[in-house]
Amino acid sequence: MIMDFGSRLRLVAALLVGLGTSFAVSAESPSLAFRVAKVVTMDAADSVINDAVVLVAEGRIVTVGKRAEVTIPDDARVIDMPDQWLVPGMVEGHNHTAGGLGDLNDMVYLTNPGLDTRATIDPNNRLIESARWGGVTAVMLIPGSGTNMSGFGTVSKTAGDTPDEVILRTPGSLKIAQAGNPEWYFGGVGRRFMNWNTRQTLLKAMDYNDRWTSYEAGTSTTKPEYDPIFDGFRGLFKKEFPATVHTQIYQVLLTTVEMLGRQLDLWVVLDHCTFDAWKVGPLVVAQDLWVLNGPREYHFDRTMNRMIGNCSGWWKNGVRKLGVNTDAPVVPERELSYQATMACWYGWQPYPALAGVTRVPSQALGLYEQRGSIEAGKIADFAIWTGDPIDPRSACLMTVVDGRIAYDAADEDVRRF
Amino acid sequence: MSKINLRCGDRRGTSAPLLGAPWRFVAMFTVLLLSGVLAWAGESDAPPSSAPTSEPTTTSTTSTGTSTAGVEEEPDRFLAVINGDVYTVNGPALRGATILSKNGRIVEIGTDVRLPEECEVIDADGKRVYPGLVAASAGGLHGGGNAADTTNVFSANMQVALAGGITTAIAGNDAAKLTFGTTEDMIVKKGLYTSLDYSRRRPLQRAETRSAFEAARAHLRALDRYEIERATNEDAEKPEPDEDVNRRYLKLIRGSATAVATANSRQDLLDLAALAREFGFRLIVRGAYEGWTVAPQIAGAIAGAIVTPRASVFENQRSVKPSGSSIENAQILRRHGIPVAIVPPTTSITFWGLAGRDLLHLNMEAGFAVRGGMSDADALRAVTIDAARILGIDDHVGSLEIGKDADWIVCDGDLLHYMTQVHYAVVNGRIAYNKQKETLFAHIRPDGAPETTFDDVWPRRLEWPANDDSSAAAEPSRE
């Protein structure tokens with residue numbers, strides 16, 4: 001995205017004026033009217049509006065309705081795409097491209113409380129830029145999976161020029177990785193020690209939070225010592241952000257659900273959830289955890305000689321808080337919708353799959369109040385597609401973030417994706 | 001002999017249309033291998049007594065007219081697919097049509113085909129029939145060297161590729177069928193290409209390639225001069241090729257061979273096109289992700305491009321010209337008249353869980369070409385007839401036509417749709433894959449009909465009616 005200096009100024013001004021819930025964009029930002037064939041709103045009622053108009057002003061959706069019923073203001077710029085679909089921006093729960101270098105398995109200690117991807121964010125690195133080609137509007141930028149606790153992730157928009165512009169929430173999540181990659185740590189560590197180590201770190205952090213909470217509530221008069229590492233964890237125990245957990249394989253999922261879900265009662269988003277992990281579906285439902293499956297979308301069961309779709313397995317086991325991820329750059333972020341495509345080929349269903357790249361991850365990451373559906377009042381994050389976004393034959397023609405056109409295929413000499 | 005017996009095992013006609021159960025294949029292949037080895041031994045110095053003299057018992061019930069003399073009358077082997085919507089690719093689509101094959105070749109296509117009494121039948125009611133797909137780049141489906149001697153015809157790789165609809169693939173430098181369960185008629189064509197190395201990244205090889213062409217051309221010119229001179233001079237001496245004249249390059253210039261080269265950058269593509277023009281040889285290019293930047297320049301010189309629409313290379317910010325990959329590449333090359341074969345990012349079969357990037361989902365890569373602006377019909381051609389043409393085997397495979405090989409797939413929907421699966425793959429008139437009889441995918445939508453698809457309730461743009469108030473009035477609401 002190329003912005004002129006003026007619009008940058010306006011953006012900065014907008015950020016100064018309103019942060020957080022009182023989000024506001026400069027009044028100069030033009031209102032836009034999108035005329036499309038179909039709006040898949042992803043609202044609570046799952047409504048779909050054919051032959052629709054979506055009005056956007058000051059970064060937010062003002063009106064969604066049938067074309068005949070919506071009056072387009074005279075000063076609005078009309079974007080006429082009468083054959084296309086308007087779909088909420090896709091949301092990625094598991095992305096390693098904050099700095100653009102693919103920090104997949106960066107390691108320091110085996111647990112690294114206090115580290116944060118925030119410091120590495122490069123908002124216009126090419127991997128993020130190309131995410132916009134695929135209609136992705138928000139990503140959870142997480143640290144690598146080489147250690148059990150690699151630090152805090154950051155929820156970011158895919159459009160904006162500075163870290164402060166793109167950050168939606170920091171910390172966005174606490175990144176935990178169980179088994180798998182951290183087993184490679186230096187000479188190699190076993191699961192028993194890793195689980196103990198993760199639990200110890202969390203218990204220390206929990207204890208820190210408890211001491212501060214009781215001090216703040218007046219139930220304790222001893223002021224606890226400030227700890228810059230554990231201070232960041234307080235939001236985790238207040239459920240202001242989730243733990244995004246790299247976890248896969250049935251046995252490891254059992255540990256995750258038991259330790260993080262049942263014992264520590266955290267807001268848990270289960271990432272990967274591959275191999276035969278779907279077998280713990282009923283337990284995941286009981287603990288009400290989120291599942292974002294990927295990048296592996298099927299499991300080859302060698303005993304049964306079967307290719308089993310992971311999402312299909314989760315779905316058949318009752319999990320409805322189900323989405324997919326790319327683990328970008330393992331699968332390019334722009335192919336998030338294609339992860340859902342493949343989940344369908346292997347037995348999932350198209351509408352839940354589309355929800356699984358829009359509404360579900362948005363809810364899982366705590367963004368849905370503001371984003372993730374096409375409803376009046378919500379922030380305008382969406383994309384225009386030539387058809388069903390799950391069909392790889394459909395192309396994303398335009399991506400809108402915060403009510404601004406962040407990607408417009410018409411501006412390009414050739415469409416890259 | 002063993003080959004004939006194997007065929008016989010398959011021809012049990014209408015009473016048991018799906019006779020090719022895996023165990024039977026296993027048994028038969030064992031027989032094949034065994035008798036093959038023995039037959040080979042018989043041709044060698046070994047005493048004649050070691051040659052097989054009696055028929056294997058497993059096939060004795062169905063074989064007829066065999067003799068020990070080795071010259072046998074083969075009973076005709078018929079296989080038909082009926083009631084399907086037949087997408088012939090080179091001709092019109094035929095609703096509810098029949099294709100009849102005899103001994104591995106298509107003999108009839110139409111809606112009024114009379115089946116012979118003993119004929120294996122696939123009922124494709126409600127399904128679609130396409131030509132088997134052709135993988136113009138592939139690895140791991142066949143063995144190395146001479147594929148017919150080295151291929152594991154029961155490999156999971158081959159079965160998964162058949163499940164992806166592929167019936168013919170490049171195997172080394174040959175084109176080979178995915179003849180699951182048999183090695184018979186596996187090889188379609190040997191020695192497809194002469195490989196060229198003409199990249200600026202390897203200047204030494206590039207110079208060698210060029211001088212090889214020059215040496216070959218010089219020799220051919222000398223031969224031409226000799227032909228002229230011979231008419232007037234009986235003592236004219238026929239020039240012998242120097243030792244640096246490579247026969248393969250002579251064939252290229254004469255037009256009796258095809259060259260293949262991997263080239264992606266704009267410069268390499270332009271260089272190769274210039275080389276092909278200068279020496280007048282038939283050239284196929286692999287990769288070509290920057291082809292879209294030079295399509296008009298290379299159009300006349302390149303006989304085909306094997307491309308991956310989803311190729312992912314960012315533009316080179318140090319180049320002042322357009323660079324990098326584009327989803328529109330396949331479409332742009334096609335539009336400029338360059339035949340395009342589409343291959344996925346990974347041209348083998350993988351089992352480790354990353355879905356939709358290997359040969360199992362070749363059809364989805366064709367879908368990505370549609371995303372880049374290619375029509376559905378052209379995308380289908382790019383994995384069938386155009387791919388076959390690029391491999392030089394379009395006289396055998398790539399479309400459903402009388403006289404061509406009986407290679408087809410039966411799908412539960414539009415081949416380019418993402419819920420579509422292959423239910424049968426037929427190779428050389430034999431059922432090589434039957435989804436419901438194999439374990440791999442039988443559990444996925446076993447009745448073939450997707451539970452819900454967008455196409456049922458939300459038409460794609462191509463079918464989208466203008467101002468469709470009736471459907472809009474009933475906005476679907478689903479759980």
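The structure presented is a predicted model; accordingly, all values stated were derived computationally and were not measured. Naming: A, B, ... by sequence-line order, numbering from 1 per chain.
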> For the residue pair A:Trp345 and B:Gln421, what are the closest heavy atoms and their distance?
Replying inline: O-NE2, 3.0 Å
> Salt bridge between A:Asp391 and B:Arg371, side-chain N to carboxylate O under 4.0 Å?
Replying inline: no
> Can you check whether A:Val414 reaches B:Thr293 side chain to side chain, under 4.5 Å on heavy atoms?
Replying inline: no
>> Would you say the ring centers of B:Tyr418 and A:Tyr338 fall short of 6.0 Å from each other?
In response: no
> Below 4.0 angstrom, N of the basic side chain to O of the carboxylate: do B:Arg357 and A:Glu335 qualify?
Replying inline: yes
> Which region of A:Pro332, side chain (C-beta onward) or backbone (N, CA, C, O), has a non-hydrogen atom less than 4.5 Å from a non-hydrogen atom of chain B, or is it both or neither?
Replying inline: side chain
> Minimum heavy-atom separation for A:Arg334 to B:Phe314, with atom names?
Replying inline: NH1-CZ, 4.4 Å
> Are the side chains of B:His417 and A:Arg393 in touch, meaning some heavy atoms are under 4.5 Å apart?
Replying inline: yes
>> Please report the interatomic distance CZ(B:Arg445) to OG(A:Ser312), rounded to the nearest 0.5 Å.
In response: 9.0 Å
> Given that the side chain runs from C-beta out, which part of B:Gln159 has a heavy atom under 4.5 Å from chain A: side chain, backbone, both or neither?
Replying inline: side chain
> If we only count heavy atoms from C-beta on, is the A:Thr274 to B:Trp352 side-chain gap below 4.5 Å?
Replying inline: no
> If you count heavy-atom pairs under 4.5 Å between each of A:Asp327, A:Asn310, A:Val330, A:Thr341 and chain B, which one has the most?
Replying inline: A:Thr341
> What do the steps show when you test B:His361 against A:Met342 for side-chain contact (heavy atoms from CB on, under 4.5 Å), and what is the final call?
Replying inline: CA-CA 9 Å; B:His361 299 284; A:Met342 280 297 112; 3.7 Å; yes
> For B:Ser325, is it the side chain, the backbone, both, or neither that has a heavy atom closer than 4.5 Å to a heavy atom of chain A?
Replying inline: backbone
> How about A:Phe300 and B:Leu440: do any of their side-chain heavy atoms sit closer than 4.5 Å?
Replying inline: yes
> Heavy-atom distance under 4.5 Å to chain B: side chain of A:Tyr346, backbone, both or neither?
Replying inline: both
>> Looking at every non-hydrogen atom in both residues, tell me the closest pair between B:Thr350 and A:Tyr298 and how far apart they are.
In response: O-OH, 2.9 Å
> Any idea which of A:Glu297, A:His299, A:Arg126 has the most non-hydrogen atom pairs under 4.5 angstrom with chain B?
Replying inline: A:Arg126
> Side-chain contact, heavy-atom cut-off 4.5 Å: A:Trp348 with B:Ile444?
Replying inline: no
> Looking only at atom types and distance, does a side-chain atom of B:Glu328 sit under 3.5 Å from a main-chain N or O of A:Arg416, one as donor and one as acceptor?
Replying inline: no
> What residues, two or more places apart in sequence or in another chain, satisfy side chain to side chain donor-acceptor pair (under 3.5 Å) together with A:Asn325?
Replying inline: none
> So with a 6.0 Å cut-off around CG of A:Asp413, is the heavy-atom count from everything else above 12?
Replying inline: no
> At their closest point, which heavy atom of B:His443 faces which heavy atom of A:Lys316, and how far apart are they?
Replying inline: O-NZ, 4.4 Å
> Taking the side chain as C-beta and beyond, is there a heavy-atom pair between B:Ser326 and A:Glu412 under 4.5 Å?
Replying inline: no
>> Is A:Met304 in contact with chain B via its backbone, its side chain, both, or neither, using a 4.5 Å heavy-atom distance?
In response: backbone
> Side chain, backbone, both or neither: which part of B:Phe441 has a heavy atom under 4.5 Å from chain A?
Replying inline: side chain
> What pairs with B:Ser319 under side chain to side chain contact (heavy atoms under 4.5 Å, CB included), at least two apart in sequence or on another chain?
Replying inline: B:Asn316, B:Lys321, B:Ser323
> Side chain, backbone, both or neither: which part of B:Glu365 has a heavy atom under 4.5 Å from chain A?
Replying inline: neither
> Are B:Glu438 and A:Arg306 close enough that some pair of their side-chain heavy atoms sits under 4.5 Å apart?
Replying inline: no
